[in-house]
Amino acid sequence: MKVLVAGGAGYIGSHCVRQLISAGHEPVVLDNLAYGHRASVPPGVRFVQADLGDATALDRLFKETKFDLVMHFAAFCYVGESVKTPMKYYINNCSATYTLLEAMMRHGVMKFVFSSTCATFGVPAKLPLVEDMPQAPINPYGQTKLDVENALKALAHGQGLSFAAFRYFNAAGAAEDGSIGEDHDPETHLIPLAIWAAQGKRPALEVFGTDYPTPDGTCLRDYVHVDDLSRAHIAAFDKLTKPGTALFYNLGTGKPTSVLEIIKAVEKVTGLKVPVKFAPRREGDPPALYADSSKAQRELGWKPKFMTVDDLVETAWRWHRARPGGYGDR
Ligand code: UDP
């Protein structure tokens, strides 16, 4: 299929582009490079630098190329920032997405794969999280993703859009060959920050909260490999044949891992000590989040390949060791 990948130069999008190529599809990357990296787009893949909110650029692109499907990864994803500057999130994550969807409708592109998040659930009353549990986001980031989920349902019902929305748990790891990986600026995620602390690039890793009601007092999360996420997205293509199809999937391994267990895994894989500083809880962090992904397993035949955090951290370590400065374009 000819697939437009919005945000294809970002962390998850760039991994998905490679998986698309391996699966025999033809991706075109659309990215404004606000956070993405030009160097993460493989040679030979068409790259269009434009903003999702630029309807003229989108019309030009959809006129030039007949796409079978659009995948959308282009979002701002910092929870703390979304609390401080909510309009940045509503404008990019919602308004720009609606502009993209409108352009798709104008040009008759009726299949969509959307990158959503477990942050749409807020603080869950029960775990593991199943798709139809109540969604009550506790920050603007999660709310913007839920707003788009609702817009997609309306478009499926009203105009026959077929879509799959994936709620990721904690995306982590890097391509197995170490060629691409996570390079955020600023970096806020646990695994890269733990590796940086081990490498001496940071004086210490701050552990946010040791008084949670969890076995070791630190937060539990469900770390899922970025290539596993990508494979689930591609497996959904076959499900989008009937107009008006609306699919939601939670994607995680189902295994809760604490912050201290991640630190242990980083020390084991790197052979280096992670200097740690215990710090207060970070605002907006639920104590525990992990997925029930049995729906994706059942309906998409999806099975995560990376089931242990050691294996997952190993791929992240390969990337950080090979490219200590990341893509070096910031
Ligand atoms: N965390 C931490 N120190 C850091 C970054 C994260 O203790 O420097 C914790 C954070 O409180 C959460 C877990 O690690 O419990 C995962 O955080 P991350 O930011 O990687 O992902 P999130 O769960 O926020 O999507």
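Order of listing sets the numbers, starting from 1, for every ligand and every atom in it.
At least one donor-acceptor pair closer than 3.5 Å links the side chain of Thr120 to the backbone N or O of Thr117. Side-chain atoms of Asp228 come within 3.5 Å of backbone atoms of Phe306 as a donor-acceptor pair (strictly under, hydrogens ignored).
Under 4.0 Å from ligand 1, the heavy atoms of Asp285 that appear belong solely to its side chain. Residue Thr218 does not touch ligand 1, judged by heavy-atom distances below 4.0 Å.
The ligand atoms of ligand 1 that sit less than 4.0 angstrom from a heavy atom of Cys219 are 15 (O). Here is the list of ligand 1 atoms found below 4.0 Å of a heavy atom in Leu193: 8 (O). Ligand 1 places these atoms under 4.0 Å from at least one heavy atom of Thr188: 5 (C), 19 (O). Using a 4.0 Å cut-off to heavy atoms of Asn170, the atoms of ligand 1 that qualify are 16 (C), 21 (O), 22 (P), 23 (O), 25 (O). Counting atoms of ligand 1 from 1 in the listed order, those under 4.0 Å from a heavy atom of Leu205 are 8 (O). The Val207 neighbourhood of ligand 1 comprises atoms 7 (O), with distances under 4.0 Å to a heavy atom of that residue.
The distance from the OG1 atom of Thr188 to the CZ atom of Phe208 is 9.0 Å, given to the nearest 0.5 Å. The distance from the CD atom of Glu149 to the OG atom of Ser116 is 3.5 Å, given to the nearest 0.5 Å. Within the model, atoms SG of Cys16 and CE of Met71 stand 3.5 Å from one another, a figure rounded to the nearest 0.5 Å.
In this model, no donor atom of one side chain and acceptor atom of the other lie less than 3.5 Å apart for Asp310 and Thr308. Side-chain contact annotation: Ser14 with His37, donor-acceptor N/O pair under 3.5 Å absent.
In terms of protein heavy atoms, atom 16 (C) of ligand 1 is closest to Tyr223 OH, 3.5 Å. Among all protein heavy atoms, the one lying closest to atom 9 (C) of ligand 1 is Val259 CG2, 3.8 Å. For atom 3 (N) of ligand 1, the closest non-hydrogen atom on the protein side is Glu206 O, 2.6 Å. The single protein non-hydrogen atom nearest to atom 20 (O) of ligand 1 is Leu190 N, 2.8 Å, given as residue, atom name and distance. When only non-hydrogen protein atoms are considered, atom 4 (C) of ligand 1 lies nearest to Phe208 CE1, 3.3 Å.
Scored by the side chain to side chain donor-acceptor pair (under 3.5 Å) test, Glu26 finds Lys2 as partners (sequence neighbours excluded).
In the candidate list Arg282, His189, Glu283, Arg282 is nearest to atom 24 (O) of ligand 1, counting heavy atoms.
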**OP:** Give the C-alpha distance, both sets of side-chain angles, the deciding distance and a yes or no for side-chain contact (heavy atoms from CB on, under 4.5 Å) between Arg221 and Phe169.
**Re:** CA-CA 8 Å; Arg221 292 288 180 276; Phe169 283 65; over 6 Å; no
**OP:** For the pair His225 and Thr315, evaluate side-chain contact (heavy atoms from CB on, under 4.5 Å) and give the outcome as yes or no after the intermediate values.
**Re:** CA-CA 9 Å; His225 196 276; Thr315 65; 3.1 Å; yes
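Residue-ligand proximity: Phe169 is placed with every non-hydrogen atom at 4.0 Å or more from ligand 1.
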